Amino acid sequence: MAEERHLTILGLESSCDDTAAAVLSRSASGVLSLRSSVVVGQTALHADFGGVVPELAARAHAEKLDHVVEEAMTEAGITRNEIDAIAVTAGPGLIGGVLSGVMLAKGLAYGLKKPLIGVNHLAGHALTPRLTDGLDYPYLMLLVSGGHCQFLQVSGPQAFVRLGGTIDDAPGEAFDKVARIMGLPQPGGPSVEKAARSGDATRFALPRPLLDREGCDMSFSGLKTAVLRQRDQLVAAQGGVTEQDRADICASFQIAMRDVLAEKSRRALALAKGITAFAVAGGVAANQTLRQALQEVATETDIRFVAPPLALCTDNAAMIAMAGLEKYLAGAVDDMSLAARPRWPLDQTASALLGSGKKGAKA
Ligand code: KG4
Ligand code: ZN
């Protein structure tokens, strides 16, 4: 039985602008050990374009992937022969990058004669708290990143029910756009959070979209446009924006984002059934104001709150190795017909979300 022996999984991730590889082992008794997690970003490559350029991203993944794999194996202190299975992001994401990863994984699986496991990138994020905190199923997950925003009831490695999600932009996209509007560097989330520290969050009354609507669907594009309007009004009235204006706008925006995500989390917690915890993942989960608000919402409902360390919230391959391991243990392995998928909703029964952001189609 696969469950009773020591297993080592190599994970690969290349669906957006991070090229990553990781080695995860599970002992015969089920103890997990993350032996390496290497992430090479592409921020500088796309800096002049105001967003991720798919062709540049794909080329960079193709160039870097095998180096990143070597580095992950060296760091873990293993040879290729010690790998029991290869897990790779097979979607959703920018197709050129996903293809680079899938092709390399197929080559490795074929050469080493080891099983190949195609992993859904979103499942990787959603299963991260199983790796970092050993959460038991089912739990509620708020996945909040540059490309995604959804509430998921996670009941197994392939059992996800989407309770709600954004109908337009993802919060990370809104943070990035606000940074651009205010002349702050990318990625926008950390810049806006830093600027907001010295700002007055009550100065600008920004909208809290969809709070008047039942359920936990969300919308953030209006909030972003409201920030643009406030900046334009300041420029028209005083010829520009001061450092203080900038800090106040960032603080007002961040608090509006926090209010929406906190209230929608309250509603998702009311909709979720029999959960053991409320967990958050994705790059925006790095935001301290948001983390604190979500912790408070969980405390109100007497539910455990889990936020993985930042390096495992943003894109990485450890989460892909973890999701691959769980699929492997469930007997769900793929073969050479594994396809790269630009769209791949986790909850196949939920109706499609509208819109498509700069980081690709919403799943
Ligand atoms: O999960 P991630 O690394 O990549 C994907 O989008 O899949 O998330 C990146 C996003 C960016 O939009 C970035 O601005 C945002 O996460 N982000 C933050 C913070 N750190 C990163 N947003 C708000 N506050 C932060 N501290
Ligand atoms: Zn991601």
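The structure presented is a predicted model; accordingly, all values stated were derived computationally and were not measured. Order of appearance sets the numbers: ligands from 1, and atoms from 1 within every ligand.
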On a heavy-atom basis, I'd like to know which of Asp315, Asp176, Leu122, Thr314 is closest to atom 4 (O) of ligand 1.
Asp315
Among Cys149, Gly146, Cys16, Gly93, which one puts a heavy atom closest to atom 9 (C) of ligand 1?
Gly146
Ligand 1 atoms in contact with [X] (distance to a heavy atom under 4.0 Å):
| X | value |
| --- | --- |
| Gly283 | 1 (O), 2 (P), 8 (O), 16 (O), 17 (N), 18 (C), 19 (C), 20 (N), 21 (C) |
| Gly172 | 12 (O) |
| Gly147 | 6 (O) |

In terms of side-chain geometry, is the basic nitrogen of Arg231 or Asp245 positioned less than 4.0 Å from the acidic oxygen of its partner?
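Asp245 and Arg231: not salt-bridged.
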Under-4.0 Å heavy-atom contact with ligand 1, by part of Asn287 that carries it
both
For ligand 1, find out whether one of its N or O atoms is nearer than 3.5 Å to an N or O atom of [X].
| X | result |
| --- | --- |
| Asp18 | no |
| Gly282 | no |
| Pro187 | no |

Heavy atoms from other residues, nucleotides or ligands near CD of Glu214 exceed 12 (cutoff 6.0 Å)
no
Could you check whether atom CZ of Arg267 has more than 12 heavy atoms from other residues, nucleotides or ligands sitting under 6.0 Å from it?
yes
Please state whether Pro190 comes within less than 4.0 angstrom of ligand 1, counting heavy atoms only.
yes
Holding to side-chain hydrogen bond (donor to acceptor under 3.5 Å, both in side chains), I want the full list of residues that pass it with Lys224, two or more places apart in sequence or in another chain.
Asp169
Distance-only polar pair, side chains of Ser15 and Glu13, donor-acceptor under 3.5 Å:
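Distance-only check passes for Ser15 and Glu13.
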Taking atom types as modelled, is there a side-chain donor on Thr79 or Asn81 under 3.5 Å from an acceptor on the other?
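No.
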Enumerate the side-chain hydrogen bond (donor to acceptor under 3.5 Å, both in side chains) contacts for residues 269-286, please, sequence neighbours excluded, ordered by first and then second residue.
none
Has Arg208 got a side-chain atom pairing as donor or acceptor with Leu206's backbone, closer than 3.5 angstrom?
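It does hold such a pair.
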Closer than 2.8 Å to the Zn ion (ligand 2), how many protein N/O/S atoms do you count?
3
In terms of the angle between their ring planes, are Tyr139 and Tyr137 parallel, tilted or perpendicular, with boundaries placed at 30° and 60°?
parallel
Under 3.5 Å, side-chain donor or acceptor atoms of residues 305-312 against the rest of the protein: list the pairs with distances, not counting sequence neighbours.
none

